[in-house]
Amino acid sequence: MTITLNHTIVPCFNKVESAKSYCRLFGFEYIGEFSRFIVVRVNDTLCLDFDSRENFESHHYAFKVSEQEFDEIFERLQSENVHYGSGPSEVDDMKINHNYGGRGVYFYDQNRHLLEILTADYEMPAQ
């Protein structure tokens, strides 16, 4: 069996608002309340469990998407006037990167988590 990531906790200020925002931007499925979390289904194997907290460190979440999904998500980002950028240090340059023959963009969510969508995997140097 291939090991897959099943779920991860996304700390946030407001779990319901954050979960709904991810569903709206990414097209994820809103599952709802489970224990103290609000669960969002990303795909067949991964869920995000949103958890409200007063204090937390920001995280980076990168999502590989198809070219069509990239276009759809990017259009939603633009329609919501979300600032975006071509890299983790250029989060607001309003440019898309074309790394490794694909497209990618970075942006912050309402909790200051750095989100990334990309269409091509990083190419790692041979060892």
Side-chain angles (χ1 to χ4, degrees):
M1 177 176 124
T2 301
I3 296 174
T4 59
L5 181 63
N6 179 266
H7 67 276
T8 191
I9 295 171
V10 180
C12 55
F13 296 114
N14 183 311
K15 61 187 175 185
V16 173
E17 280 183 23
S18 296
K20 287 183 177 182
S21 173
Y22 277 54
C23 289
R24 189 175 61 255
L25 287 175
F26 291 101
F28 297 156
E29 178 186 2
Y30 187 90
I31 301 296
E33 193 169 342
F34 175 77
S35 186
R36 70 172 199 258
F37 306 106
I38 298 296
V39 179
V40 167
R41 180 169 301 287
V42 175
N43 56 38
D44 292 340
T45 63
L46 177 62
C47 288
L48 300 177
D49 296 356
F50 290 84
D51 186 22
S52 293
R53 298 181 185 169
E54 288 185 28
N55 298 302
F56 53 87
E57 292 182 15
S58 62
H59 298 280
H60 174 61
Y61 301 100
F63 301 96
K64 186 175 180 193
V65 299
S66 68
E67 291 290 340
Q68 179 179 341
E69 289 166 325
F70 185 95
D71 290 337
E72 293 166 357
I73 296 166
F74 188 65
E75 185 176 301
R76 290 190 288 267
L77 290 173
Q78 291 178 309
S79 72
E80 293 198 20
N81 296 315
V82 174
H83 287 242
Y84 60 88
S86 58
S89 299
E90 300 85 28
V91 179
D92 59 358
D93 67 6
M94 303 304 277
K95 295 180 183 178
I96 295 172
N97 72 54
H98 297 278
N99 298 338
Y100 309 105
R103 293 184 293 164
V105 70
Y106 294 77
F107 58 97
Y108 286 111
D109 73 2
Q110 65 266 47
N111 304 291
R112 296 297 290 169
H113 295 307
L114 180 60
L115 306 180
E116 175 184 6
I117 55 172
L118 65 155
T119 61
D121 289 329
Y122 297 152
E123 294 176 16
M124 300 297 171
Q127 298 204 15

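Just so you know, these numbers come straight off a predicted model, no measurement behind them.
- Asp49 contributes atom CG, which lies 10.0 Å from atom CD1 of Ile38 (distance to the nearest 0.5 angstrom).
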If you look only at distance, which donor and acceptor atoms sit under 3.5 Å apart when one is on a side chain in residues 19-33 and the other is two or more places apart or in another chain?
unit_1 : atom_1 : unit_2 : atom_2 : d
Tyr22  : OH     : Asp109 : OD2    : 2.6
Arg24  : NE     : Glu80  : OE2    : 2.6
Arg24  : NH2    : Glu80  : OE1    : 3.3

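- For the pair His7 (side chain) and Leu46 (backbone), a donor-acceptor distance under 3.5 Å is absent.
- One finds the OH atom of Tyr122 at 7.5 Å from the CG atom of Asn99 (value rounded to the nearest 0.5 Å).
- No cation-pi contact links Arg53 to Phe56, judged by a cut-off of 6.0 Å to the six-membered ring centre and 45° from its axis.
- Under the 4.0 Å criterion applied to side-chain N and carboxylate O atoms, Arg103 and Asp71 are assigned as salt-bridge partners.
- Under the 4.5 Å side-chain heavy-atom criterion for ILVMFWY residues, no single connected hydrophobic cluster contains both Leu118 and Val82.
- For Ser52, the side chain to side chain contact (heavy atoms under 4.5 Å, CB included) partners two or more places apart in sequence, or in a different chain, are Lys15.
- The shortest side-chain heavy-atom distance between Tyr84 and Gln78 falls under the 4.5 Å cut-off.
- Within 6.0 Å of NE2 in His98 there are more than 12 heavy atoms belonging to other residues, nucleotides or ligands.
- With Ile73 as the partner, the side chain to side chain contact (heavy atoms under 4.5 Å, CB included) test is satisfied by one option alone out of Leu115, Val105, Val65: Val65.
- Although no hydrogens or angles enter the test, the distance criterion places no donor-acceptor pair under 3.5 Å between the side chain of Asn111 and the main chain of Pro11.
- Ring orientation note: the planes of Phe63 and Tyr61 are close to parallel, at an angle under 30° on the 30°/60° scale.
- Within the model, atoms CD of Gln110 and CG of Asn14 stand 8.5 Å from one another, a figure rounded to the nearest 0.5 Å.
- The number of heavy atoms from other shown groups lying within 6.0 Å of CD (Glu69) is above 12.
- At a threshold of 4.5 Å between non-hydrogen side-chain atoms, the residues Arg36 and Asp51 count as touching.
- Surrounding CZ of Arg76 are more than 12 heavy atoms belonging to other residues, nucleotides or ligands, all under 6.0 Å away.
- Only one option out of Leu5, Asn6, Val39 pairs with Cys47 in a side chain to side chain contact (heavy atoms under 4.5 Å, CB included); it is Val39.
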Which pairs would a plain distance check flag for residues 85-93, meaning a side-chain donor or acceptor within less than 3.5 Å of a matching protein atom at least two apart in sequence or in another chain?
unit_1 : atom_1 : unit_2 : atom_2 : d
Ser86  : OG     : Asp93  : OD2    : 2.6
Asp93  : OD1    : Ser86  : N      : 3.0
Asp93  : OD1    : Lys95  : N      : 3.0

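- Pairing each heavy atom of Tyr106 with each of His60, the nearest pair is CE2-CE1, 3.8 Å.
- At a cut-off of 3.5 Å, with distance as the only test, no side-chain donor of Glu123 or Tyr100 sits close to an acceptor on the other residue.
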